[in-house]
Amino acid sequence: MKNDNLFALIEARLPRDLSGACLETVEGLVYSRRDLLHATGRLAGWLTSLNLPAEADGTPARVAVQVDKSPEALLLYLATLRAGLAYVPLNSAYQQAEIEYFLGNAKPAVFVCTPERLAALEPIARAAGVAHVTTLGEHRDGTLLERAAPFPDRFATVRRRASDLAAILYTSGTTGRSKGAMLSHGNLSSNALVLDEFWGFKEERDTGDQDVLLHALPLFHVHGLFVAAHAALLSGSTMLFMNKFDPKQVVRWLPRATVFMGVPTLYTRLLAEPRFDRHVCRNMRLFISGSAPLLTETFDAFKQRTGRAILERYGMSETLMLVSNPYFGVAADRIAGTVGVPLPGVDVRVVNDDGSRCKAGEIGQVQVRGPNVFSGYWQMPEKTAEEFTPDGWFRTGDVGHFGGAGKPEAYLTLAGRAKDLIISGGYNVYPKEIEGYIDEMPGVAESAVIGVPHPDFGEAVAAVVVPKGAHGVDAAQVIAQLKSRIANFKVPKRIWVVEDLPRNAMGKVQKNVLRERYRDAFA
Ligand code: MCA
């Protein structure tokens, strides 16, 4: 039986020369492909030695990980796949209350955190029933590597079917609690293989060229962990691997690179670097942007500065990449303001509320079907059922239109979101979750959390708060309290205290009125 474990595909695609560089760090440390095989072998050996029971329905045990980005964090992800277990990456900014929720929801058998946070997080993990807690630091410190060290370099990758669970990625929920998107080996490998071809990695290999991917994204989301890392691993590329985005380091490395992936904030920060110019981009063949809307002015400024047209694509944790501007053909095929065309093998439709297809230029709900679409939310069958149409299309929650305004009919333009979502510097933030925390505070009657334009993060989280009776509300104190409880990127960067919130005839808070009122807050 063919082994559909994603790692088996990565292993099969490794170039024959195992001494070749797989990954290089800013400090100049080089991990060869052989290092990757041996390190993931030892880690998978340790994971397997724990004899972690699968669920009654065959669902594999979970390995939850909240660590800072490092080559070993990537190796731990790959080893988890190799051992046939399910990987659960957690944003390094999450605080204890959030970690408590995720561990209680995912019920992992293993939790890996940083050495610094072990004292605070181990009791939470034990209370959630986690059997094995270990640590991994940013510089190969921590107990995880010590425990894996005695195991053999060689490891037979566990057999997995395409439909078997490979990862759970938490995406915040409009109802305030995050939902775990279940991604299978088949979701991950089908999408990686499509992108290998669609973005020209295969063509580079076929012409004997070696790609070098500059990896500057976090490893706890789809963009950095799957789209960037899988593209490099499946194409035998070398990764220039940055533990934290630093525009000056990117500029230093660009002359050695051929591909870069980023969220729009990374591009606006690069444009703010005087030394970022056409010359440093001389060997680059592809700049990809996603996770948040790329402003047309950023696209134009980038093209002006470098002569390169950024390729914008559209993805979600639940569907991986679904739509992309084209790579082949002239850069003119990349149309600023659109996210391009549905990827091969992926069906995308835009429908009216009654489910009928929208005409070109007509705004409707974006729905998707294909091997890239997840199987559902972890332990939320009702929520999952709501998100799929009776005929099996996934409701993205985004609105948009094909064609229109002189654009080719095949091109999709996203026109906003049906759901209450803020994307700040590429991170999804759901207002309901933040409103919940603010409304619990003494002296607060109610609050409305909105996204307002921000020059660096695209959108910034902001809040409008109504005090209870004669109580005053101290905005700085609300922010300080939130910073002690939730991930920093979710904390409002500005809070306004008002008498009351604007409501429509139905009594619903009019957030659009608030967005308009405060739209220039960060201008
Ligand atoms: C950091 N801060 C933020 C953000 N990042 N605030 C709002 N939004 C953010 N994204 C806070 C910090 O905590 C700090 O707070 C202050 O802002 C300044 O931080 P800074 O040093 O600028 O932050 P940084 O460490 O440089 O991070 C900025 C960043 C990072 C590099 C843009 O946010 C990032 O890597 N974003 C990429 C996220 C990503 O990978 N998204 C893909 C999701 P204070 O001043 O209070 O200390 S996957 C996805 O969306 C789908 C599936 C897809 O299609 O890809």
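Both ligands and their constituent atoms are indexed starting at 1 by order of listing. We're numbering straight along the sequence, starting at 1. Treat the numbers as computed from the prediction; the structure is a model and nothing was measured.
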Atoms in ligand 1 flagged as close to F489, the criterion being non-hydrogen separation under 4.0 Å: 3 (C), 4 (C), 6 (N), 7 (C), 8 (N), 9 (C)
Among S317, G315, S291, closest by any non-hydrogen atom to atom 42 (C) of ligand 1: S291
Parallel, tilted or perpendicular: ring planes of W496 versus Y518, cut at 30 and 60 degrees: parallel
For atom 6 (N) of ligand 1, the protein heavy atom that lies nearest, with its residue and separation: K493 NZ, 2.9 Å
Under 4.0 Å to a heavy atom of M316 - the qualifying atoms of ligand 1, by number: 52 (C)
Aromatic ring proximity, centroids under 6.0 angstrom, F374 and F394: yes
Closer than 4.0 Å: a protein non-hydrogen atom to atom 19 (O) of ligand 1: no
N/O separation below 3.5 Å, K483 to ligand 1: yes
Option with minimal heavy-atom separation from atom 7 (C) of ligand 1, where the choices are S424, A487, P264: S424
F287 and Y267 aromatic ring geometry - parallel, tilted or perpendicular at 30°/60° bounds: perpendicular
Residue from Y77, F220, Y87 passing ring-ring contact (aromatic ring centres under 6.0 Å, His included) with F226: Y77
Test of ring centre spacing under 6.0 Å for F402 and Y411: no
Exercise: identify the closest heavy-atom pair between I434 and K490: CD1-CB, 3.6 Å
Closest protein heavy atom to atom 40 (O) of ligand 1, given as residue, atom name and distance to 0.1 Å: P218 CD, 3.3 Å
Pair D211-T258, side-chain donor/acceptor within less than 3.5 Å: yes
Taking atom 31 (C) of ligand 1 as the reference point, the nearest protein heavy atom with its distance: L266 CD2, 3.8 Å
Which of the ligand 1 atoms, numbered from 1, are nearer than 4.0 Å to a heavy atom of K244: 24 (P), 25 (O), 26 (O)
Shortest protein heavy-atom distance from atom 54 (O) of ligand 1, along with the residue and atom involved: R313 NH1, 2.8 Å
Flag for Y377-E318: side-chain donor and acceptor within less than 3.5 Å: yes
Nearest neighbour in protein (non-hydrogen) for atom 32 (C) of ligand 1: T265 CG2, 3.7 Å
Ring geometry between F302 and F276 (parallel below 30°, tilted from 30 to 60°, perpendicular above 60°): tilted
Flag: protein heavy atom within less than 4.0 Å of atom 16 (C) of ligand 1: no
Nearest-option assignment for atom 38 (C) of ligand 1, heavy atoms, candidates F226, Y427, F220: Y427
F457 N/O under 3.5 Å from ligand 1 N/O: no
Under 4.0 Å to a heavy atom of G425 - the qualifying atoms of ligand 1, by number: 10 (N), 33 (O), 36 (N), 37 (C), 38 (C)
Rounded distance [0.5 Å steps], CZ in F198 versus CG in L193: 15.0 Å
Short N or O distance, G426 and ligand 1, threshold 3.5 Å exclusive: yes
Under 3.5 Å side-chain donor-acceptor pair for R349 and Q367: yes
R308 NZ/CZ over F260 ring centroid, <6.0 Å and within 45° of normal: no
Within-cut-off N or O pair, R269 and ligand 1, under 3.5 Å: yes
N488: numbered ligand 1 atoms lying under 4.0 Å from its heavy atoms: 13 (O), 15 (O), 44 (P), 46 (O), 47 (O)
